[in-house]
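So you know, we letter chains A, B, ... as the sequences are listed, proteins then strands, and number each from 1.
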Protein chains: 2
Amino acid sequence: MLKNFREIAVETPVDKIIGQIRGLISSGQLNPGDRLPSERKLAEKLGVGRTHVRDAIAKLEFYGILKTLPQSGTIVEGIGITALEGLITDVLKLEESEFVDLVETRTLLETQAARMAAQRRTTEDIINMKNALDAYEAKVRNGLPAVEEDLLFHLTIAEAGRNTVLKSLMLIITPDIVKNFTKLDVCKDGRFYRSLEEHKVILEYIVNQKPELAANAMEEHLQDVTDYSKTLKENRD
Amino acid sequence: MLKNFREIAVETPVDKIIGQIRGLISSGQLNPGDRLPSERKLAEKLGVGRTHVRDAIAKLEFYGILKTLPQSGTIVEGIGITALEGLITDVLKLEESEFVDLVETRTLLETQAARMAAQRRTTEDIINMKNALDAYEAKVRNGLPAVEEDLLFHLTIAEAGRNTVLKSLMLIITPDIVKNFTKLDVCKDGRFYRSLEEHKVILEYIVNQKPELAANAMEEHLQDVTDYSKTLKENRD
DNA sequence: AATAAAAAATTGGTTGACCAAATGTTTTAT
DNA sequence: ATAAAACATTTGGTCAACCAATTTTTTATT
């Protein structure tokens with residue numbers, strides 16, 4: 001019964017403003033290079049405070065859609081094509097993403113990270129990964145939950161992969177993973193122990209510079225979670 | 001000679017505040033669940049306006065490090081481990097990433113997107129991809145630059161892949177790709193024409209639901225750019 | 001008429017004051 | 001002694017006024 005309820009959409013002023021700007025861009029009334037009306041004019045026209053307009057611009061600037069020039073104006077600089085419609089909307093709510101999508105993407109990133117780590121890891125990287133693994137083991141042996149230590153180990157692998165963009169993307173989705181892990185209680189008894197062993201295997205392959213073996217081990221390691229997320233989805237449908 | 005100059009770091013108040021909060025979290029003085037001092041107290045202590053404090057909190061909230069509860073306070077909710085240090089820093093300047101990292105990650109995401117698109121594309125997706133390809137072709141045939149149309153075609157593929165997270169990540173890195181493309185003038189004569197043919201092949205495989213062939217075609221398609229980015233790196237070193 | 005200098009208007013950046021919701025404290029009733 | 005209600009305080013959210021840099025317009029000069 002509960003699953004028939006949908007979360008009530010609370011459209012904040014900022015969301016509405018973003019929607020309007022998006023509309024102008026996607027309908028072609030605003031093209032790349034064009035200058036946005038001044039914050040004051042926008043605020044007056046939209047009937048809201050300038051703060052809200054500023055917040056909306058700041059968010060869109062973060063995504064590279066807009067660019068603000070101090071004391072001069074705000075211009076459209078993103079890919080400004082009609083079809084942008086619908087795309088911006090989604091990126092603004094990554095947190096609501098399906099768990100299964102999250103896990104799928106994570107697996108992709110992590111598998112590649114493990115592969116690259118095996119190719120590029122330095123001695124220092126090995127130390128970092130070892131330390132993270134030790135911290136994880138310590139918690140597990142005391143019977144404590146170790147979700148964070150788990151992810152931290154994975155992040156050090158990304159670090160060793162020596163690709164800042166890939167690492168950044170992992171950092172972006174990590175909080176969502178943690179949220180879902182704790183909420184859905186993915187971590188049942190025994191999972192941590194088996195996880196620990198799998199971690200050790202992965203690290204072994206990375207240290208010995210076996211890219212494909214490391215990648216495979218990582219993929220298998222994450223397979224459990226994948227399966228679980230799919231089960232969740234089926235039960236809900 | 002010019003390459004010996006380094007960009008001068010202009011640390012804005014917001015950056016400094018983020019740095020301090022990061023320091024508190026990584027040094028363990030602030031743990032997940034803890035409440036941050038009120039914005040007023042922080043502003044006074046740091047000797048800056050409350051607006052700057054709010055901006056800093058907003059940014060950290062975006063990354064999932066903090067969570068603001070209206071009229072109540074701001075709490076730490078991210079993975080709050082000591083080793084977080086150094087990681088947050090990087091994610092805050094994705095735009096400065098090495099072009100080669102960007103291309104490498106893009107290839108990873110796009111290859112997977114093509115694979116998934118071939119498995120999951122609907123009839124509507126096919127129409128969208130076809131439209132995007134037509135728009136690209138129209139520009140190319142008129143001898144016009146078509147960087148945006150190019151990327152838009154790729155985004156429709158991601159759309160067809162039916163993974164919102166992966167699509168979001170592509171959207172996040174897309175502006176940086178555009179920036180580097182135009183800056184580095186990757187698109188030389190003839191590239192667009194060959195690119196067009198490759199696009200057609202990829203679309204063909206997706207329409208006919210050949211995941212691995214689509215993935216391979218995409219990888220090859222992006223190989224040119226990869227090679228070019230590596231050349232750039234070597235020349236600079 | 002062309003150019004340069006100066007003044008006015010406009011811009012985003014910043015601040016402090018005010019608002020309503022949430023929280024903590026005291027008072028009051030049982 | 002306990003619980004509930006009333007009050008006061010603190011919180012983040014919002015707004016309007018002010019600031020300095022920029023852009024535009026006007027004016028003065030050649």
Side-chain angles (χ1 to χ4, degrees), chain A residues 7-21 24-25 29-78 92-93 95 175, chain B residues 8-21 24-25 29-78 92 95 175:
Chain A
E7 193 176 347
I8 296 173
V10 280
E11 246 204 353
T12 69
V14 175
D15 290 334
K16 289 181 185 170
I17 298 170
I18 290 178
Q20 290 221 19
I21 295 177
L24 290 175
I25 294 178
Q29 296 180 59
L30 273 177
N31 295 298
D34 285 0
R35 273 184 47 172
L36 226 62
S38 75
E39 297 180 353
R40 275 171 249 272
K41 300 249 175 72
L42 273 176
E44 193 184 353
K45 191 82 180 177
L46 299 174
V48 299
R50 196 153 76 95
T51 310
H52 289 140
V53 175
R54 299 198 98 237
D55 288 350
I57 291 176
K59 260 195 172 169
L60 288 172
E61 194 173 358
F62 182 88
Y63 287 108
I65 313 285
L66 300 179
K67 174 76 182 174
T68 292
L69 310 171
Q71 267 70 39
S72 174
T74 300
I75 61 173
V76 181
E77 86 159 2
L92 294 179
K93 42 183 176 180
E95 65 221 37
Chain B
I8 296 172
V10 280
E11 232 190 16
T12 69
V14 175
D15 290 334
K16 289 181 185 168
I17 298 170
I18 290 178
Q20 290 221 20
I21 295 177
L24 289 175
I25 294 177
Q29 296 180 58
L30 273 177
N31 294 298
D34 285 0
R35 273 184 46 170
L36 227 62
S38 75
E39 297 180 354
R40 283 173 179 76
K41 300 253 174 68
L42 271 178
E44 193 183 353
K45 192 81 180 177
L46 299 174
V48 298
R50 194 155 77 96
T51 310
H52 290 142
V53 175
R54 299 198 98 239
D55 289 350
I57 291 177
K59 258 195 174 170
L60 289 172
E61 192 173 1
F62 182 88
Y63 288 109
I65 313 284
L66 301 178
K67 173 77 181 174
T68 293
L69 310 172
Q71 268 70 41
S72 173
T74 300
I75 60 171
V76 181
E77 85 159 2
L92 294 180
E95 64 220 38

Rounded to whole Å, CD of E44(A) lies from C1' of dT11(C) at a distance of 15 Å

To the nearest angstrom, the CD-C1' distance between E39(A) and dG13(C) comes to 9 Å

Would you say the side chain of I75(B) lies within less than 4.5 Å of the side chain of D34(B), judging by non-hydrogen atoms?
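In short, these two side chains do not touch, never coming nearer than 4.5 Å.
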
What distance do [X] atom [atom1] and [Y] atom [atom2] have between them, rounded to the nearest 0.5 Å?
X: I17(A); Y: D55(A); atom1: CD1; atom2: CG; value: 8.0 Å
X: H52(B); Y: D15(B); atom1: NE2; atom2: CG; value: 10.5 Å
X: T74(A); Y: L60(A); atom1: OG1; atom2: CG; value: 10.0 Å
X: T68(A); Y: R54(A); atom1: OG1; atom2: CZ; value: 7.5 Å
X: I21(A); Y: L46(A); atom1: CD1; atom2: CG; value: 8.0 Å

Using OP1 and OP2 only, check whether a side-chain N or O of S38(A) sits under 4.0 Å from dT11(C). yes

Does dT10(C) have OP1 or OP2 sitting under 4.0 Å from an N or O in the side chain of K41(A)?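 No, because none of the side-chain N or O atoms of K41(A) sits under 4.0 Å from OP1 or OP2 of dT10(C).
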
Review point. How far apart are the closest heavy atoms of I18(B) and A56(B), and which atoms are they?
Key: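 Looking at all heavy atoms of both residues, the shortest contact is CG1-CB, 3.9 Å.
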
Checklist entry - Any salt bridge (charged side-chain N to carboxylate O under 4.0 Å, His left out) pairs touching residues 40-53 of chain A, not counting sequence neighbours? => result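 Found E39(A)-R50(A).
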
First and last nt of DNA chain D near chain B, cut-off under 4.0 Å to heavy atoms, 5' to 3', are dT11(D) to dT14(D)

Protein-proximity profile, nucleotides 16-22 of chain C, B/S/- by nucleotide at the 4.0 Å heavy-atom cutoff, equals -BB-BBS

